[in-house]
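Below: the structure, in structure tokens.
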Amino acid sequence: MTRRNGTEGEAKMAINEKIEEQLTTSGDARVAPAWRGRFPYNEIISLLDVNRPFNLAESTSQDLTLGELLDLAGLENMRRLKLGYGKSAGSTELREEIAKASKVPVDHVITTQGTALGLFLLAFEACRPGDEAVLMTPCFPPSRDCLVGAGVDVREIKLSFESNYQLDLEQIAAALSAKTRLVSLASPQNPSGVQTPRSAVEKLLDLMELRCPEAILFIDETYREATYGSGPSVDSFAGLHPRIVTGASVSKALGAPGLRTGWLTVADADLRARLVVAKMNMVISGSVLDEALAAALLRQREGVLAPRRRLLSRGLEQLAAWCALEHKRIEWVRPDAGALCCLRLRPDVFNDAAVSSFWNLLPRHDLQLASGAWFGESERVFRLGFGYPPPERLEPALSALSSAMDEASAGGTAR
């Protein structure tokens with residue numbers, strides 16, 4: 001999720017106004033009523049409004065500029081693009097590029113406004129109120145919240161830091177039932193960057209065949225191509241099995257979340273038709289401008305990805321060196337892909353009060369991190385984005401993080 005450029009003061013003012021709106025007065029007591037939104041409130045929304053100098057909260061690589069995009073081949077005739085309605089399934093040109101990379105037929109592809117709209121469409125069309133969904137957590141908050149908003153009963157499978165966030169097939173098997181209509185996971189995961197092995201997915205499919213034969217398996221592959229150095233990305237799970245639906249976008253590996261362009265790959269023709277009709281009723285179609293730019297970006301993906309992968313590799317090694325120096329105070333799970341990973345404050349150094357102090361101290365050190373609580377983890381865990389800051393800013397940002405830990409472990413409190 002990428003934030004707008006805005007001052008922290010403006011963001012705090014907006015948050016305070018929101019709190020004021022929610023407060024009710026009863027005598028001398030001021031009580032915040034229960035949240036009344038259809039979707040659960042999650043503080044991850046703050047990333048859209050706050051951008052501190054040492055922003056380690058972002059999960060994307062560095063933002064692609066419009067100039068870099070317009071310099072790509074294939075955009076010479078963009079001035080003649082007609083800004084009419086697009087197709088509900090998405091532009092043919094864009095779907096062809098997605099199908100080629102995913103190794104599926106072009107008619108299996110539906111474009112969406114980021115992966116986020118794909119999550120929303122699946123929650124409302126693959127499930128009905130009272131159906132059950134089995135969700136691997138920690139996860140990107142809308143993966144859970146779209147299901148809650150759709151009235152689906154969510155059974156969370158809490159993957160553990162200690163097991164490097166690998167699937168627990170026994171726990172999943174116990175959660176599956178005849179009422180399960182959707183099983184949802186991400187590979188690489190958000191917030192950890194950990195990939196799920198193909199062998200584990202195949203075993204999961206076998207379990208689903210036995211326990212919930214009507215369910216689909218959704219795999220969010222948003223970070224799949226954000227690999228390190230010259231190493232290839234793993235193949236997409238699209239096309240592995242008719243039960244699998246995948247989602248991805250140009251937001252993370254390619255650094256273009258502002259294009260708001262993502263996609264689903266759906267083998268089942270009936271589900272695909274229902275999703276297209278659902279999309280038409282929600283947004284009619286995608287932006288023809290965004291989809292034309294995204295198609296050009298995907299045609300040139302390797303040339304765009306290569307320098308980004310080198311930067312991610314450099315950032316990961318900087319982070320690994322810092323984690324080695326700080327191993328007495330933090331633990332981490334080294335990611336398989338993506339510009340993000342999970343770190344944990346050691347309980348023998350940071351008691352609960354020190355953890356709370358740590359979060360309160362971050363603004364004083366111009367730091368921004370993503371709390372594990374946003375994703376269904378403990379506040380002792382945080383997501384750190386090492387690909388968004390320029391290389392020359394990552395090292396001082398990590399030094400500032402060390403200073404914040406110094407102060408928190410010493411009992412410091414925020415001013």
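Under a 3.5 Å cut-off, the side chain of R38 and the backbone N or O of G151 do not form any donor-acceptor pair. Side-chain N or O atoms of R329 include none that pairs as donor or acceptor with a backbone N or O of R346 at under 3.5 Å. Formation of a donor-acceptor pair under 3.5 Å by the T180 side chain with backbone atoms of L182 is not found in this model. D131 places no side-chain N or O within donor-acceptor distance of the main-chain N or O of R181, the cut-off being under 3.5 Å. Listed for the D366 side chain is no donor-acceptor partner under 3.5 Å among the backbone atoms of F54. A distance-only check finds a donor-acceptor pair linking the side chain of Y228 to the backbone of G338 [under 3.5 Å]. Formation of a donor-acceptor pair under 3.5 Å by the R299 side chain with backbone atoms of L72 is not found in this model. A donor-acceptor distance shorter than 3.5 angstrom exists from the side chain of Q368 to the backbone of R52, with no hydrogens or angles considered. A distance-only check finds no donor-acceptor pair linking the side chain of S236 to the backbone of S102 [under 3.5 Å]. A donor-acceptor distance shorter than 3.5 angstrom exists from the side chain of R95 to the backbone of V109, with no hydrogens or angles considered.
Annotation: the span from Y165 atom OH to K158 atom NZ amounts to 11.0 Å, rounded to 0.5 Å. A distance of 8.0 Å separates CG of L119 from CG of L147, quoted to the nearest 0.5 Å. Remark: S403 OG to R364 CZ distance equals 11.5 Å, nearest 0.5 Å. Here the CZ-OG distance, from F386 to S59, works out to 11.0 Å after rounding to the nearest 0.5 Å. Atom OG of S192 and atom CZ of F161 lie 9.5 Å apart (nearest 0.5 Å). Between the CG atom of L70 and the CG atom of L293 there is a distance of 7.0 Å, given to the nearest 0.5 Å.
By the 4.5 Å heavy-atom criterion applied to side chains, W263 and V250 are counted as neighbours. Considering only heavy atoms from C-beta on, R334 stays 4.5 Å or farther from N164 through its side chain. Two residues are said to be in side-chain contact when any heavy atoms from C-beta on lie closer than 4.5 Å; P335 and L340 fail this criterion. In this structure, the side chains of D107 and R272 come closer than 4.5 Å at one or more pairs of heavy atoms. Residues H241 and L217 are not in side-chain contact: their nearest non-hydrogen atoms beyond the backbone lie 4.5 Å or more apart. In this structure the side chain of T60 reaches within 4.5 angstrom of the side chain of K252, judged on heavy atoms. Taking the side chain as every heavy atom from C-beta outward, L275 and V245 never approach each other to under 4.5 Å. Side-chain atoms of L254 and L259, non-hydrogen and from C-beta on, never get closer than 4.5 Å to each other.
T111 and E291 form a side-chain donor-acceptor contact under 3.5 Å, judged by distance and modelled atom types alone. When only modelled atom types and interatomic distance are considered, T265 and T246 share a side-chain donor-acceptor pair under 3.5 Å.
Heavy-atom minimum distance, C341 versus L319: SG-CD2, 3.4 Å. K279 and L121 make their closest contact through N-CD2, 3.6 Å (heavy atoms, listed as atom of the first residue, atom of the second, distance). For the pair V234 and R224, the tightest heavy-atom approach, listed with the atom from each and the gap, is O-NH1, 2.7 Å. Nearest heavy atoms, L398 versus Q318: CD1-O, 4.1 Å. Considering every non-hydrogen atom in both V134 and A175, the closest pair reads CG2-O, 3.9 Å. Nearest approach of F350 to A408, heavy atoms of both residues: CE2-CB, 4.2 Å.
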* To do: Using the side chain to side chain contact (heavy atoms under 4.5 Å, CB included) rule, take L185 and L159 through it: C-alpha gap first, then chi angles, then the decisive distance, then the call.
  => CA-CA 11 Å; L185 61 92; L159 309 180; over 6 Å; no
* **Audit row: R344, E326, salt bridge (charged side-chain N to carboxylate O under 4.0 Å, His left out) steps and yes/no** => CA-CA 11 Å; R344 184 167 66 180; E326 290 285 6; over 6 Å; no
* To do: Tell me, with the steps shown, if E214 and R211 meet salt bridge (charged side-chain N to carboxylate O under 4.0 Å, His left out).
  => CA-CA 9 Å; E214 295 184 36; R211 297 174 183 263; over 6 Å; no
* To do: Go through the steps to decide whether T65 and E68 satisfy the test side chain to side chain donor-acceptor pair (under 3.5 Å), and finish with yes or no.
  => CA-CA 5 Å; T65 68; E68 290 172 319; 3.3 Å; yes
* **Verdict with supporting geometry, R309 and E225, side chain to side chain contact (heavy atoms under 4.5 Å, CB included)** => CA-CA 9 Å; R309 287 168 171 167; E225 293 187 305; 3.9 Å; yes
* Carefully, step by step, assess T222 and F140 under the rule side chain to side chain contact (heavy atoms under 4.5 Å, CB included). => CA-CA 11 Å; T222 300; F140 178 51; over 6 Å; no
* Test M208 against I216 for side chain to side chain contact (heavy atoms under 4.5 Å, CB included), laying out the working first. => CA-CA 9 Å; M208 292 173 62; I216 64 169; 5.8 Å; no
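Other residues, nucleotides and ligands contribute at most 12 non-hydrogen atoms within 6.0 Å of the CD atom of E395. Crowding of E170 atom CD: a count of heavy atoms from other residues, nucleotides or ligands under 6.0 Å not exceeding 12. Within a 6.0 Å sphere centred on CZ of R274, other residues, nucleotides and ligands contribute more than 12 heavy atoms. Within 6.0 Å of atom CZ in R393, 12 or fewer heavy atoms from other residues, nucleotides or ligands are found, so the atom counts as exposed in its surroundings. Environment of CG in D270: crowded, with over 12 heavy atoms of neighbouring residues, nucleotides or ligands closer than 6.0 Å.
Residues that satisfy the side-chain contact (heavy atoms from CB on, under 4.5 Å) test with D153, not counting sequence neighbours, are E132.
The pair R380-D352 meets the salt-bridge criterion, with a side-chain N (NZ, NE, NH1 or NH2) lying under 4.0 Å from an Asp/Glu carboxylate O. Ion pairing between R383 and E377 fails under the 4.0 Å rule for side-chain N and carboxylate O.
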